Amino acid sequence: MSIQRRTRDQIAARVARDIPEGAYVNLGIGLPTLVANHLPRDREIFLHSENGILGMGPAPAKGEEDWDLINAGKQPVTLLPGGAFFHHADSFAMMRGGHLDICVLGAFQVAVNGDLANWHTGAPDAIPAVGGAMDLAVGAKRTFVMMEHLTKSGESKLVERCTYPLTGVGCVKMVYTDLATIEVTPQGLVALDWADGLDFDELVRLSGVPLRRA
Amino acid sequence: MSIQRRTRDQIAARVARDIPEGAYVNLGIGLPTLVANHLPRDREIFLHSENGILGMGPAPAKGEEDWDLINAGKQPVTLLPGGAFFHHADSFAMMRGGHLDICVLGAFQVAVNGDLANWHTGAPDAIPAVGGAMDLAVGAKRTFVMMEHLTKSGESKLVERCTYPLTGVGCVKMVYTDLATIEVTPQGLVALDWADGLDFDELVRLSGVPLRRA
Amino acid sequence: MINKIAASAAAALAGVRDGATVLLGGFGGAGMPDELIDALIEHGARDLVIVSNNAGNGETGIAALLKAGRVRKIVCSFPRQADSHHFDSLYRAGKLELELVPQGNLAERVRAAGAGVGAFYTPTGYGTDLAKGKEVREIGGRMYVLEYPIHGDLALVKAERGDRWGNLTYRKAARNFGPIMASAARCTVAQVYETVELGGLDPEIIVTPGIFVTHVVPVPRSGAREAA
Amino acid sequence: MINKIAASAAAALAGVRDGATVLLGGFGGAGMPDELIDALIEHGARDLVIVSNNAGNGETGIAALLKAGRVRKIVCSFPRQADSHHFDSLYRAGKLELELVPQGNLAERVRAAGAGVGAFYTPTGYGTDLAKGKEVREIGGRMYVLEYPIHGDLALVKAERGDRWGNLTYRKAARNFGPIMASAARCTVAQVYETVELGGLDPEIIVTPGIFVTHVVPVPRSGAREAA
């Protein structure tokens, strides 16, 4: 059987499974925003947006957009009944103060010790932009990463040591990819589950770093 | 002519003369609260209370007291139209951040360099209580002191060096007493005006510290 | 469904342990969570560290907690009041430790705990006995004292209205320390006079978002104390 | 009588000097004081240091200020956007200095300026290139970076309603950086869609009290830009 790589929606659904009712969660821009579509409707989860929103709801219907009500990616959103607005210092106090249970971020690389690189390729001509990534990475109680397992050229994004500039030191707790779900533990990386048709040894080979079974 | 000591109300009125329209002002507990009664009605002045009020109005009519609306001395007050409530961190940010133009405090002693002692006699059996005095003393743009010139035993409260524990270092700009109005300058104390019937040389003698005429 | 509205104050405080650091909202009587303090006395926890602006007066609230002998230490700015006799006598007898903190440093230290700030430089208190032994630094020609956050195990606050997600509004100057105390504890319990449906609080006027609140305890608006 | 409502944006900005540090509210387009930025361009001040979350996109707001060649340096967290071509080309040509700051450190540094905090220890950025050369310290087993306040000569913010004392309310997530920027500058100018009589804003819902505001500039709600 060939490897059944998980689609972006399947990865998002896998992340959603690990978000319990009542959790305060920040979904980073890009891939992580997909997770919102997979949170079960019967589970109350509080979505935080760095620009001063708690209780963020889904995108508005076409024609109903309010440009004073946007998310971190500057896309229109809605507010659930029970939601609240606050200013930026208060919003980042929620992160830095450890009040968010989970944040989900994209990544270029995750190291075996939980180091995260997701903001800058380090290329000399790249225009750097960090936004709230560094605050989220170290502020949330648990930082989840959602990413493709391999780069376009086939290299593993799980690394011994990040070669891209760091976003945070030792901050990643879980990694969700198209190939596997991996927990970062003090004893190293532990694979919890992996794609259908993928052999564990093959996962280790593709990952290029030590990996244990749960 | 004998010395016409200024009454508490006369001192308060003298302080009020130096508070311009539009000033943001905190009146400390005790003697300084009298100043509010002497602010001209045609002058808009913003009174701040440390417990989260800006735009504080006069005491309510008897029977109209609202115990959720009290001043720093825990006495019932009112709120003017245009007033606002905020929490304690924001309230002290207004002080510490230099947003108050003037605060008026009582004092045990003021030193020639502007050091202030007003929170503790240092007596071994005294129960210390500092409240917001230290924050106000160093936070306001200009700190005014309102006090009796002499202690009950006739010693000057203007001193070369405070013997009571300090509230703030070099923070006092003006001193208003029953005998005189004195400015604290980098070149020393300067008497701006003094009580009727009081000779300047007598004021210097009573003060016990170097004093210049304006 | 998330419902933070507790069955009772006792239920909300069931997990409190001996030795806990308890942050209390309130300035004088305004915003003082009297009913929650009564429940804390009922609960029986001992060796508490109390962080609040005042040290109680009369016979209720913090004074009652002191009288019951439950407090090991109090961190506050203004313990001395007209009728703070329970504090006064325990303090004079050496039975109560006091950490006196300038009010703005108290507020900022609590805010720092809630905001994840490791420490901060404040101009308040520099050169005074209350900064003795503390690290100082000159920044931009001005002298500052290094102060550290005050974290709570428990915060008790009095709000006006709340909903099942824990969102709170306050009333007038009873707001005072409530919002920052609520942000700085592992468990925050708020007493409210009114609970409303989700969406019943305008999202523009929520002062404490529910993320800072663990339990909401409704109390009657006109208790015996109010009538007294 | 105190009346902070200005005759025009131009009048409110008359005192701006070359080289000023200008704090701008807004996150993307929400809360961006476009009309005040237009007036700042009209005013002609040069060599400005701009502090804002983004570095402008399209042809309006900060992008227009950049295009007009008035900015020497920009302090922000997220300059790169889909159509941030004016920033991109100036930056690549070495004509614009960039200080990149993690968004939460940016917010906290501005808040510290408004609150009179001399410096603070933040966990954000520790061990990264953005903390290179900065002082670090271990506090309670965690590593922190020392960050300093960002003071402004001028702050421009977009609010929703204001009164003649300068009290402000905001609308939804357009609040973002507005309140902290307003608190951190020597002169703060707020554009509002509506001015109300004193007392027309509920004292419980005023987000920026007038103490932080120098001038209030009414602007029409449905300008050409909104309709575009």
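Numbered from 1 within each chain, the chains take letters A, B, ... in sequence-line order. No hydrogens, no waters, no symmetry mates; every other heavy atom, side chains included, goes into these values. Computed from a predicted structure; not experimentally measured.
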Identify the two heavy atoms, one from [X] and one from [Y], that lie closest to each other, and give their separation to 0.1 Å.
X	Y	result
D:Y144	C:V117	CE2-C, 4.5 Å
C:A119	D:I139	CB-CD1, 3.9 Å
C:P123	D:G116	CD-O, 3.4 Å

Atom pair CG/CG of C:D202 and D:D202 - distance to nearest 0.5 Å |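 Reported value, rounded in 0.5 Å steps: 10.0 Å.
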
Counting only heavy atoms closer than 4.5 Å, note whether C:E147 contacts chain D via side chain, backbone, both or neither.
-> neither

Part of C:R142 lying under 4.5 Å from any heavy atom of chain D | neither

Does D:R17 CZ have over 12 foreign heavy atoms under 6.0 Å away?
-> no

All side-chain hydrogen bond (donor to acceptor under 3.5 Å, both in side chains) counterparts of D:T208, not counting sequence neighbours | D:Y170

Can you spot which of C:R161, C:R175, C:R171 makes a salt bridge (Lys or Arg N to Asp or Glu O under 4.0 Å) with D:E204?
->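 Running salt bridge (Lys or Arg N to Asp or Glu O under 4.0 Å) over C:R161, C:R175, C:R171 with D:E204 returns exactly one hit, C:R175.
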
